Trainee: 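Sharing a structure below in structure tokens format, with a few things to ask.
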Amino acid sequence: MKIRNHKKALLATALVAVASLAAPGFASAASPNAVPRYADGKIRLDRVPGEKGYWDKPGATSLVEKGVNVAFDANGKLKNIADASKVAPFQPWALALYKFRQQNNFVDDPMKVCIGSGNPRQMMTPGGVRFIQDNNYQRMYMIFGGGNHVWRTIYMDGREAPNADEVTGTFLGLAVGKWEGDTLVAVSTGFNTRFWMSNGGLPHTEGLTLTERFKRVSKDVLDYEVTIDDPRTYTRPWKAGWTLRWVPGDIQEQFCETGRE
Amino acid sequence: MRVLFAALLLAVATVSVAQEGFPLDGTWRSESTAKDGSHRTIVLIMQWDGKSVTGTINPGPNGTDFTGGTLNPDGWKFTLDVKNAKGGPIRFEGTISNLGKYNRVVAGKWTDAAGTIDAKFVHE
């Protein structure tokens with residue numbers, strides 16, 4: 001009897017061990033480069049307990065349509081203004097305004113007076129970003145270390161995106177999100193037009209819809225893709241994307257101050 | 001002194017606000033003097049709907065809604081050719097200047113039943 005119980009205990013121990021190996025959360029312990037997950041299998045876009053780190057080192061300096069190869073400087077200024085029409089599928093007025101801003105050395109960039117930047121711009125502004133997953137309230141908070149040091153909320157509770165014509169536009173819009181497999185998909189509408197969504201001066205109107213896809217493809221790499229849909233400004237929806245790297249430590253304190261430049 | 005400083009900062013911040021979205025979106029006001037010496041105030045509220053510039057001239061009981069305003073980004077020429085509630089023609093042809101500023105300007109010739117004036121619309 002004792003031997004039988006001992007065998008049962010061994011079997012149970014073995015089963016638990018096998019189950020642990022198969023559990024999603026185990027992966028991070030098994031492979032240092034595996035994507036960390038919660039116990040329910042959902043991706044952790046932020047730290048695991050006891051870890052310090054955040055996303056930074058964006059792999060792009062300005063917003064440009066995927067597949068287009070044009071050269072920018074770190075401020076989003078085109079090396080060759082003749083490339084302007086390649087950056088995005090502009091409406092004529094939007095191309096003219098983009099060129100004006102490019103040739104005007106961005107003197108009217110709202111960020112120069114600490115007016116908020118757009119969501120894609122925050123994702124390419126050095127300084128860091130963290131994702132705080134609030135599973136109780138079904139919200140995702142994004143905390144940004146660069147630019148205006150703002151945070152965003154992505155509502156994950158199944159609500160619908162608002163009709164842009166029925167809300168007062170804001171700098172960050174209202175974002176609703178869901179998981180598509182391991183990818184967080186956030187759709188944002190209800191923007192004002194007081195910001196530049198990219199450092200290069202890409203225009204937009206209140207009709208802007210941003211669809212952002214966040215995917216942690218490994219422990220240290222986050223893929224970011226944004227679809228820009230604003231038929232008043234662009235002739236068709238278009239996509240841009242880049243990666244961010246996981247870096248150790250904490251986001252540093254920083255404040256936007258007018259008159260620094 | 002602090003209040004004065006804060007007010008000064010606010011004023012600087014206000015005039016520093018950058019140009020936003022479609023260049024004609026928003027409220028515009030022209031204060032001018034006609035040839036007969038009379039003062040003319042014209043207010044335009046305009047919006048880009050993705051196809052043309054729509055809006056209202058002098059919003060209020062006698063306002064005139066319009067569609068079909070055009071902006072040619074090649075030179076930033078703005079044209080308005082509409083009829084008021086009584087069928088009277090209103091025509092404006094102007095050019096945007098200070099494009100990058102919030103308080104940008106559209107200046108040109110405004111013609112309606114009262115005659116033709118040099119109108120200078122400032123974005124509010």
Side-chain angles (χ1 to χ4, degrees), chain A residues 84-85 90-118 121 164-165 169-171 191-209 229-236 256-261, chain B residues 2 5-28 44-56 67-80 93-107 122-124:
Chain A
S85 61
F90 294 102
Q91 297 274 6
W93 74 269
L95 175 60
L97 185 55
Y98 179 68
K99 282 182 176 174
F100 173 85
R101 290 171 171 176
Q102 283 277 328
Q103 293 171 316
N104 204 22
N105 288 322
F106 311 134
V107 294
D108 304 308
D109 184 350
M111 279 295 289
K112 292 195 171 179
V113 286
C114 295
I115 290 178
S117 60
R121 188 169 184 178
D165 291 335
T170 61
F171 290 93
F191 293 99
N192 67 32
T193 58
R194 296 186 59 203
F195 61 92
W196 290 7
M197 63 176 163
S198 172
N199 56 3
L202 289 166
H204 70 276
T205 67
E206 293 92 341
L208 175 68
T209 297
D229 187 3
D230 181 359
R232 297 180 200 172
T233 310
Y234 303 99
T235 58
R236 56 177 167 75
C256 185
E257 300 172 65
T258 55
R260 281 199 307 178
E261 294 196 34
Chain B
R2 282 181 183 172
F5 183 63
L8 187 64
L9 274 181
L10 184 64
V12 169
T14 303
V15 298
S16 300
V17 171
Q19 189 271 311
E20 318 142 347
F22 188 72
L24 287 174
D25 274 353
T27 303
W28 300 75
L44 298 175
I45 296 178
M46 297 193 280
Q47 188 178 25
W48 169 244
D49 66 0
K51 295 174 183 169
S52 62
V53 181
T54 61
T56 304
T67 59
T70 61
L71 177 70
N72 183 352
D74 183 14
W76 298 108
K77 302 281 186 193
F78 171 56
T79 305
L80 198 57
E93 197 170 301
T95 304
I96 303 179
S97 56
N98 293 334
L99 180 67
K101 300 295 181 194
Y102 184 85
N103 301 108
R104 53 197 175 274
V105 167
V106 183
V122 180
H123 188 248
E124 296 192 326

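Only heavy atoms go into these numbers, but all of them, side chains included; no hydrogens, no water, no symmetry mates. Bear in mind that the values here come from a model prediction, so they are computed numbers and not experimental data. Below, chain A is the first sequence line, B the second, and so on; all start at residue 1.
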Trainee: Would R232(A) and D49(B) count as a side chain to side chain contact (heavy atoms under 4.5 Å, CB included) if you check the C-alpha gap in whole Å, the side-chain angles of each, and the deciding distance to 0.1 Å?
Mentor: CA-CA 7 Å; R232(A) 297 180 200 172; D49(B) 66 0; 5.6 Å; no
Trainee: Can you see which heavy atom on W76(B) is nearest to which on A96(A), and at what distance?
Mentor: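 Between these two residues, the closest heavy atoms are CZ2-CB, 3.4 Å.
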Trainee: Using heavy-atom distances under 4.5 Å, tell me whether D74(B) contacts chain A through its side chain, its backbone, both, or neither.
Mentor: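 Looking at D74(B), nothing touches chain A.
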Trainee: Distance check, rounded to the nearest 0.5 Å: K101(B) atom NZ versus N104(A) atom CG?
Mentor: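 Those atoms lie 7.5 Å apart.
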Trainee: What's the spacing between T233(A) OG1 and F22(B) CZ if we round to 0.5 Å?
Mentor: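 Rounded to the nearest 0.5 Å, the OG1-CZ separation comes out at 9.5 Å.
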Trainee: Return the minimal non-hydrogen interatomic distance between L97(A) and G21(B), and the atom names on each side.
Mentor: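 What the structure gives for the nearest pair is CD2-O, 3.4 Å.
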